Amino acid sequence: MNQSINIIEVEGLSKKFGDFYANDNLNFVVKQGEIFGFLGANGAGKTTAIRILCGLSKPTSGKIKVANFDVYKQTEEIKKNIGYMSQKFSLYEDLTVEENIEFYGGIYGLKRKVLKEKTNELLKKLKLEDKRAKLIKEIPLGWKQRLAFSIAIIHEPKIVFLDEPTGGVDPVTRRHFWDLIYEAAQEGITIFVTTHYMDEAEYCDRVSIMVAGKIIALDTPDGLKKTYKSQNMNEVFLQLARTEE
Amino acid sequence: MRIIFYILKKEFKQIFRNKMMIPIIFVMPIFQMLLLVYAATFEMKNIDFAVVDYDNSKVSRGLVQKLSNSPFFNIAAYEKNIDAAEEYLLHDEADLILIFPANFETKLVKENKSEMQIIINAINGTVAGISQGYLSQILAEYNKEIIVDFLNFEPSLASTIQIKPRFWYNPELNYKVYMVPGILAVLVTVIGMFLSGLNLVREKELGTIEQINVTPIKKHHFIIGKLVPFLIIGLFDLAFGLFIAKLVFDIPMVGSFVTLFIMASVYLFVVLGAGLLVSTFADTQQQVMFIGYFLMIVFILMSGIFTPTESMPIWAQKLNLLNPMYYFMSSIRMILLKGSSLVDLQFQLYSLIVYGIVMISLAVWKYKKVN
C-alpha cells in the first residue's frame, strides 16, 4: 500500500443537466489503497459523480484523472483499470453463478486457464461452491452482492467503484460484505464507495459528505466527529445535512 | 475474437433459457404459414348474384344458366324489381346484380346489339374487379355462342383471334405459390427485427448494460454478439418455413438454396441492424414493440406482398427504395419460383448490402457507451 500516490484526482468537477447542477465544483483526491467513502443523501449527486469517474458519463467541466488517465479522452484506458458495481443489479439473473463469473472474466480478457483458477478460488472464498450451477435469481440478495463485488474485481483493477453496493440488506450482511472490501483493500485495490448507511461510513479511511451537488466536508471519520463534536457519523451527517437546508 | 466467443455463449444461453423463445421459433412459422397463406387469398369462388329479369327470354335465361354453371358464380335470388334485388346487396347476400331490360332479346336480334346492367358491390375494389373480370370472360364466351347458334352465323365467321395464354413460373395461377414466399419473407423480418431489438433494450431495462459499458468491451464486439445469434435463428426459421412450404403446400423451389440463403443473410443484417438501431433509441421493450410494429406494417404493405409495387404511385415506388422488405420480397419469389441467380438479383443484392452497412454502422454509432 502506498498512501502517497494519488489514484484519483478531481479538480473543479461540474456536471449540469439543463440548468441543474448535479455536481457543483467538486475537488478531491483519493490515495492509492484507500477506502474512500462518498456520502450523501439520495439525490445529492453521488451516482452522477461516480458515473463520470467510471467513464460512463462526460463531465460538463473540470480536470479529472482516474488511474492517471484523463476522463475526457482516455475512458477506454480507465475502463481497463477499474471495476464497477452499481446499485442497479448487474449480474444476469438468468445465468448461473459460474456463467456470470465466466462471462465477465471473459470480456475482461482473462485467459481461459486463469479464468478457471479464479472461478474456483472465488467460489471457495464466497462459499458458493455448491451453488455454482444455481441461477442468480435463486440465490439471496446478500450473496448476490458479494458475488457482484468479487466479479467487479475479477480482473484485478486498480480501483473499484461501488455505488450503494449494500442496499436492502441487514447490518450483519453488510458487515460480511465489508470483510470482502477490507480484503480487497489489503491487496492494494483502492475502494471508492457511495453509501447512505452511516455504519458503513465508519468503516472508511476517509469520508466526503455531499449535499445538493457540493462536497461540504472531507476528513477521516474520527476527524469529522471531532470537528462536528459528534458521537458518531450519523450525528455528523444529520448536522451537515440540516445546516445546508 | 475470444471476447466475441464469450458474448455469443452468454447470448445463446439466455436465448434458450427464455421460455418464450422456443415457441416463438417453432410455433410462429407454423401459424403464419398455415393461417396466413389460406387467409391471404385473391382467388374468388362463390360469387353470389341476384337477377332481375324484365325480359325473361331465351337469351337472358341462357346467360343466367351459363353463369350458375361456372364454378365461380352462385345464383342467390330471382327478383321482380331492382329495389328487391338491392336488399341482397345491402345484406351482403349477393355480390352483384344482373338486370336484363325488357326487349333485351328482341333488340339483340333486330339491331345485333343489346344492353344490360350489372351492379357490383365494390366496397373491396379488388374483389369487385376480379368478379367483373370473371363475368366479362363468361359474357364474351356466351356472346360467341349466341352468334353461332342463335343468329345462325357460321362458326368460322364468328371466330376471332384466339388467345391461349401460357402462364410461366406459376402455370396454374395458384395464389399459394405466390403467397408462401411472401409469408416467409414476413417471417424472417419479424424474427430479425423484434428479437434483436427486444434483446438489447432488455439489457437496458435490467441495468446490465451499465455493467457492460464500464468494461473495456469494444462496441462492435458487443453489437456482433447481439447480431449473430438472431441471424442464425432467422436463417433456421427460414429453413423451417421452407420445409413446411414444401410439405404442406408443395411450393415449387426452382432456384438454388445457396442463393436464397445468401440473400436472406444479407437481408437479415439489414433488419437486425434496424432492430438494434431502434433499441438504441428506445428505453423500454414497449417502445421497441410500438416502433417495431409501425415499421413492420409499413414495410409489409409496401413490400409488394399483396399488391404489385409497380402499380403504386411513383412517389411510393421511390419511397419503397427505403423499404428493405421490398428487395427481399421480390428476391425470394424470383429465386423460388423462377430460379433467378444472384446475377439476376444484382440490384436487390447490392441495395441490401449498402442498406445493411448503413444500418449496422448507425447502430454501432448510436450505441454509446458514454452519455
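Below, chains carry the letters A, B, ... as their sequence lines are ordered, and counting in each starts from 1. Quantities reported herein were computed from a predicted structural model and do not represent experimental measurements.
With a 4.5 Å cut-off on non-hydrogen atoms, A:L110 touches chain B through its backbone but not through its side chain. In this structure, chain B has heavy atoms under 4.5 Å from both the backbone and the side chain of A:E102. Within the 4.5 angstrom heavy-atom criterion, no atom of A:F161 approaches chain B. Proximity to chain B is limited to the side chain of A:L135, based on heavy atoms less than 4.5 angstrom apart.
The distance from atom CD of B:Q14 to atom CD of A:E93, rounded to the nearest 0.5 Å, is 11.0 Å. In this structure, B:N213 CG and A:K79 NZ are separated by 6.0 Å, a value rounded to the nearest 0.5 Å. With values rounded to the nearest 0.5 angstrom, B:R2 atom CZ is found 6.0 Å from A:R112 atom CZ.
Test B:Q211, B:E203, B:R17 against A:Y92 for side chain to side chain donor-acceptor pair (under 3.5 Å) and you get one pass: B:E203.
The side-chain heavy atoms of B:I7 and A:F103, taken from C-beta on, include a pair separated by under 4.5 Å. The shortest distance between side-chain heavy atoms of A:D94 and B:N18 does not fall below 4.5 Å.
For CZ of B:F236, the number of neighbouring non-hydrogen atoms (other residues, nucleotides, ligands) closer than 6.0 Å is greater than 12.
Summarising the geometry of A:E76 relative to B:T215, their closest heavy-atom pair is OE1-O, 4.5 Å, with the distance given to 0.1 Å. The two residues A:G106 and B:Y6 make their nearest non-hydrogen contact at CA-CD1, 3.4 Å. Of all non-hydrogen atoms in B:P216 and A:K80, the two that sit nearest each other are CB-CG, 3.6 Å. The minimum heavy-atom distance linking B:V214 with A:C54 is given by the pair CG2-CB, 3.7 Å. When all heavy atoms are compared, the tightest approach of B:I3 to A:I107 is CD1-O, 3.8 Å.
Under a 4.0 Å N-O distance rule, the pair A:E99/B:K9 does not qualify as a salt bridge.
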